[in-house]
Amino acid sequence: MSREETVVVRARRAFQSGKTKPLAFRVLQLKGLHRFISERRKEIAEAVQKDLHKTEHGTELFETLGLEGEINLALERLAEWAAPRPVEKNLLTISDEVYIQPEPLGVVLIIGAWNYPWAVTLQPLVAAISSGNAAVIKPSEVSSHSAKVMEKLLPLYLDTELYPVVTGGVPETQELLKQRFDHVFYTGNSTVGKVVMAAVARHLTPVTLELGGKSPCYIDKNCDLRVACRRITWGKFVNCGQTCIAPDYILCEPSIQGRVVEELKKCITEFYTDDPKSFEDYGRIINQHHYRRVMALLEGSTVALGGDSDETQCYIAPTVLSDVTGGSKVMQEEIFGPVLPIITVSGVDEAIQFINEREKPLALYVFSPDNKLIRRVIAETSSGALLANDCLVHFTISALPFGGLGNSGMGRYHGKHGFDQLSHLRACLIRKLKMEGVNTMRYPPHTAKKLSWARFLLLKQVNVGKLRQMAQVTLFAALAAFILQRFFRST
Amino acid sequence: MEDPSSILHRLQKTFRSGVTIPESFRRTQLQNLLALVQENEQLILDALHKDLSKPKFEAFLSEIDMVANDLHYTLDNFYSWMQLEYSSKNLATRMDKCFVRREPLGVVLIIGAWNYPLHLILLPLVGAIAAGNCVLLKPSEISQATEQLLAELIPKYLSKDCYSVVCGGAEYTKALLENKFDHIFYTGSQAVARTILQAAAVHLTPVTLELGGKCPCIIYGHIDIPSAARRLVWSKFFNAGQSCVAPDYVLCSAEIRDALLPAVRQTLKEFYGEDARAGPDMGRIINPHHWNRLMELLEKSRGKVVMGGEGYQEDRYIAPTVLVDVEESDILMQEEIFGPILPILTVKSLEEATDFVNRRAKPLAVYVFSDEHSVVTTVLENTSSGGFCANDGIVHMALPGLPFGGVGASGFGHYHGRWTFETFSHRRGCMMRSWALEKINVLRYPPYSDSNLSWLRWATSAKKSWISCSIM
């Protein structure tokens, strides 16, 4: 048996023992995860520094802050999320218990990504733990330092059989995908996403795919460009542009392009100083492969700002490209780097058309003081999410489902959405063997009279909230049962 | 037969035009679908009778009424489902608007099945229309009469630009799946489900799979035998056992079995008379292939037939059949029966029963019959299945508030009522930030500092969201 198979078998056995059923157990594990983050802040920050040249503050702001928020939310709401959820009944079932019982799926595989190696790997884990699943965690090997720290330290805080960390590259991941999981949660790119979905098809395993795409950012010429560009600069250059929901490219009218570049320049200097290369709060590209990939995208475009780079450090300066067209090299794939192309359009009509000609993105940004314009963009485009007048921050609202559609993925998580995504919502109807008289309607031999009663009882809906109706209905049903009991007793 | 790619292209074009978005359009289409069902009752009954010899009663209850009921429910409620759902925020986002918008996916493919050829394709259609999608319908070619009827009626009642019906067999479906859909909804077998998933992966198309499995029926503890027998017999032999949620087999103690058998025999006589074949209330097997499959199972089974067992090829009739002394290794226990054959297996304890169920693939439904609440709870808590029903069979399907779907080998995703609407919608998270309070935003910009960070942590923590703060 391979290492991967052993780990999965052990996790399944641990799950089948029923350990994860009691909420108290899940709370314990969530608290363990919380302790891990607080006690190992330093080790986590060091790992991210080595992987992505991020400072401790940056790591806290973008990795652990969100994670802690999710854990706290789960701890607060777990009892509510896991409780049976009553639903409406029909006349036949009026005295029965009808509800949805959320149940764990079993063993979940979580495949993390390298850009926020802690947030995107462990936030799904919060959902998995709170919904009562076992989870095999496969951190990205590309963010190798974080993967090592996770492998070494996480087992000290969580149940090792239920939540094993499995490190490795492509062969190890493929071996994992051969095992049977009850759900696979993958964060990464569309190409691998397709492979993952196809690989687990033979086990009929459902998947959540958090992919990416080119998130467009439309700037209305009437907006406060100063504020807009600040928020965009922040959203774009955080993590050196390596964010699945980073504003990928800007769409604006030619008349404001110059000002946009000017404002971006001011903000870049304000945030990252005149020499971002030596500034600690500016990141690096994860590795040389991606460095070369991003640099190659610059081909054929005009550099309005930045452009300098250093392969030895995987450093690319905050770069803005102007007068880019839809056919430029930089528009052919998700940039995932600190390069911000500006494409000019005649107005919001053309912007909407441009966006709709392309794959559905994970996020769509629009900057405008005009709410009507914003609502128009919402109505006429499609994306995982839409954020007006800022970048990225919708990620922090747990009440909003986070996920894509089309090429940007399927499924969603954060907060209760994550809990539900990794649960089976089991439909439950608890009847009693009494009141058999009422049931008689549906049994053969079938008569026209019975048919109309059965149709009435089985299929009319009841809004139990309305007390008056309820009283009438119960009376009716009881009367019906009484009459039928008499009817059948006399025949 | 129009090429599927060109039909799809046409539907995509229509979708992009935005015609399915307004509530009034969706309402009209739903009302037209209701008219289709109500105005063609006799034609539908005839088609169902031709395909499955479906008794009129069953056709009404499980086909026509299922669809009509869901339509009424959806018509009453879908407008509210369409509304924006506003969400809670944290302190830092107090001045902003956060909401979830339900949006149609685009062009969706619904593949029907032959056992309930009307509702298995029309029920998903109801939610797909309500959610604002364009739809390509592919009814099962095995239930030919219904397939033809749908192909004829749908274009008469629904917008031809938005909703198309295609007919064809396995090869045709394979070609169909090479196209990109925005969602695929499939009801049927595991084997075909696998090919559908593979095809969907190529385009990153989300899928809903409504599959089957062997639904166990555990009968245990103190129990009202006559009532249990009636409900068991009704759910098992409804549609001649060809229901994905039919109780496939029974697990009970030897004593209960001995008490149950005469009650079942009595019930069968009450329901279907001395000769079920002669009466109008027993259905038939869909086609010779399945009739042969079932007769072969009976032949090869090492269990003892205590009721029924006869089959007549001419009209694809199989008598309601009960077998005892069936072992776990018996051929009847190897695949979903999907016919009027009920094996009874004996166990010595409730634990043995739940262990038995848990050793096998997760079914679409688990049934338990018992007067004892603790028995019901034990089975509920120690098994996993799509749905669960205590002291009855199948009827949980009629409740639109309950999500109908499987787990594990019985599928994933769910529908009925609002659940169908949600299946065919994208929940788009939207946030409209205010332009004001840029000073607060400063906390998050580089250069990063300790004090900024602690303010930000306080402002974004979800816990204290009910405290209104004057600083913010």
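Worth knowing before you read on, the calculation uses all heavy atoms, side chains too, and leaves out hydrogens, waters and symmetry mates. Chain identifiers are assigned alphabetically (A, B, ...) following the order of the sequence lines, protein sequences preceding nucleic acid strands; residue numbering begins at 1 within each chain.
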Return the minimal non-hydrogen interatomic distance between [X] and [Y], and the atom names on each side.
{"X": "A:R431", "Y": "B:D392", "value": "NH1-OD2, 2.7 Å"}
{"X": "A:F279", "Y": "B:P447", "value": "CZ-CB, 3.7 Å"}
{"X": "B:G429", "Y": "A:L400", "value": "CA-CD2, 4.0 Å"}
{"X": "A:E103", "Y": "B:L380", "value": "OE2-O, 4.1 Å"}
{"X": "B:G401", "Y": "A:I100", "value": "O-CD1, 4.1 Å"}
{"X": "B:K362", "Y": "A:L105", "value": "NZ-O, 2.9 Å"}

If you count heavy-atom pairs under 4.5 Å between each of [options] and chain B, which one has the most?
{"options": "A:D96, A:L209, A:L425", "value": "A:L425"}
{"options": "A:E56, A:K450, A:R230", "value": "A:R230"}
{"options": "A:G58, A:G193, A:G406, A:S382", "value": "A:S382"}
{"options": "A:A427, A:C267, A:A379", "value": "A:A427"}
{"options": "A:A385, A:P401, A:P444, A:A388", "value": "A:P444"}
{"options": "A:G415, A:G404, A:A448, A:G384", "value": "A:G384"}

Interface moiety of [X] toward chain B, non-hydrogen atoms closer than 4.5 Å:
{"X": "A:E359", "answer": "side chain"}
{"X": "A:R375", "answer": "side chain"}
{"X": "A:M410", "answer": "side chain"}
{"X": "A:A363", "answer": "neither"}
{"X": "A:F237", "answer": "neither"}
{"X": "A:V207", "answer": "neither"}
{"X": "A:R412", "answer": "side chain"}
{"X": "A:N407", "answer": "both"}
{"X": "A:T273", "answer": "neither"}
{"X": "A:A228", "answer": "both"}
{"X": "A:F181", "answer": "neither"}
{"X": "A:S408", "answer": "neither"}
{"X": "A:Q16", "answer": "neither"}
{"X": "A:H417", "answer": "side chain"}

Does the side-chain contact (heavy atoms from CB on, under 4.5 Å) test come out yes or no for B:L204 and A:L211, once each step is laid out? CA-CA 10 Å; B:L204 287 173; A:L211 310 176; 3.6 Å; yes

Is it the case that atom CZ in A:R226 sees more than 12 heavy atoms from other parts of the structure closer than 6.0 Å? no

With side-chain contact (heavy atoms from CB on, under 4.5 Å) as the criterion, how do A:D390 and B:M431 come out once you've worked through the C-alpha distance, each side chain's angles and the decisive distance to 0.1 Å? CA-CA 9 Å; A:D390 209 335; B:M431 187 172 175; over 6 Å; no

For chain A, which candidate among [options] shows the most heavy-atom pairs at distances under 4.5 Å?
{"options": "B:F57, B:F369, B:F237", "value": "B:F57"}
{"options": "B:F412, B:F388, B:Y445, B:F238", "value": "B:Y445"}
{"options": "B:V366, B:V202, B:D182, B:N382", "value": "B:V202"}
{"options": "B:M432, B:R101, B:R231", "value": "B:R231"}
{"options": "B:G18, B:A201, B:P280", "value": "B:A201"}
{"options": "B:D76, B:T205, B:D70, B:V376", "value": "B:T205"}

Measuring only between side-chain heavy atoms, which start at C-beta, is [X] closer than 4.5 Å to [Y]?
{"X": "A:N356", "Y": "B:R16", "answer": "no"}
{"X": "A:I378", "Y": "B:E103", "answer": "yes"}
{"X": "A:L204", "Y": "B:R194", "answer": "yes"}
{"X": "A:N371", "Y": "B:K97", "answer": "yes"}
{"X": "B:L105", "Y": "A:K360", "answer": "no"}

Would you say the side-chain atoms of B:W435 pair up with the backbone N or O of A:D224, donor to acceptor, closer than 3.5 Å? no

Under 4.5 Å from any heavy atom of chain A, what part of B:Y86 do you find: side chain, backbone, both or neither? side chain

With only heavy atoms counted, which part of B:H396 is less than 4.5 Å from chain A, the side chain, the backbone, both or neither? both

Can you tell me how far the [atom1] atom of [X] sits from the [atom2] atom of [Y], to the nearest 0.5 Å?
{"X": "B:C430", "Y": "A:L387", "atom1": "SG", "atom2": "CG", "result": "9.5 Å"}
{"X": "B:C98", "Y": "A:H394", "atom1": "SG", "atom2": "NE2", "result": "10.5 Å"}
{"X": "A:L386", "Y": "B:F99", "atom1": "CG", "atom2": "CZ", "result": "7.5 Å"}
{"X": "A:T93", "Y": "B:L399", "atom1": "OG1", "atom2": "CG", "result": "4.5 Å"}
{"X": "A:K434", "Y": "B:D371", "atom1": "NZ", "atom2": "CG", "result": "8.0 Å"}
{"X": "A:L405", "Y": "B:H183", "atom1": "CG", "atom2": "NE2", "result": "12.0 Å"}

Output, in order, the C-alpha distance, side-chain angles, deciding distance and verdict of side-chain contact (heavy atoms from CB on, under 4.5 Å) for B:R428 and A:L364. CA-CA 11 Å; B:R428 191 180 192 187; A:L364 211 164; 3.7 Å; yes

Begin from the C-alpha positions of B:Y73 and A:E88 and carry the test side-chain contact (heavy atoms from CB on, under 4.5 Å) through to its verdict. CA-CA 12 Å; B:Y73 183 79; A:E88 318 141 38; 2.8 Å; yes

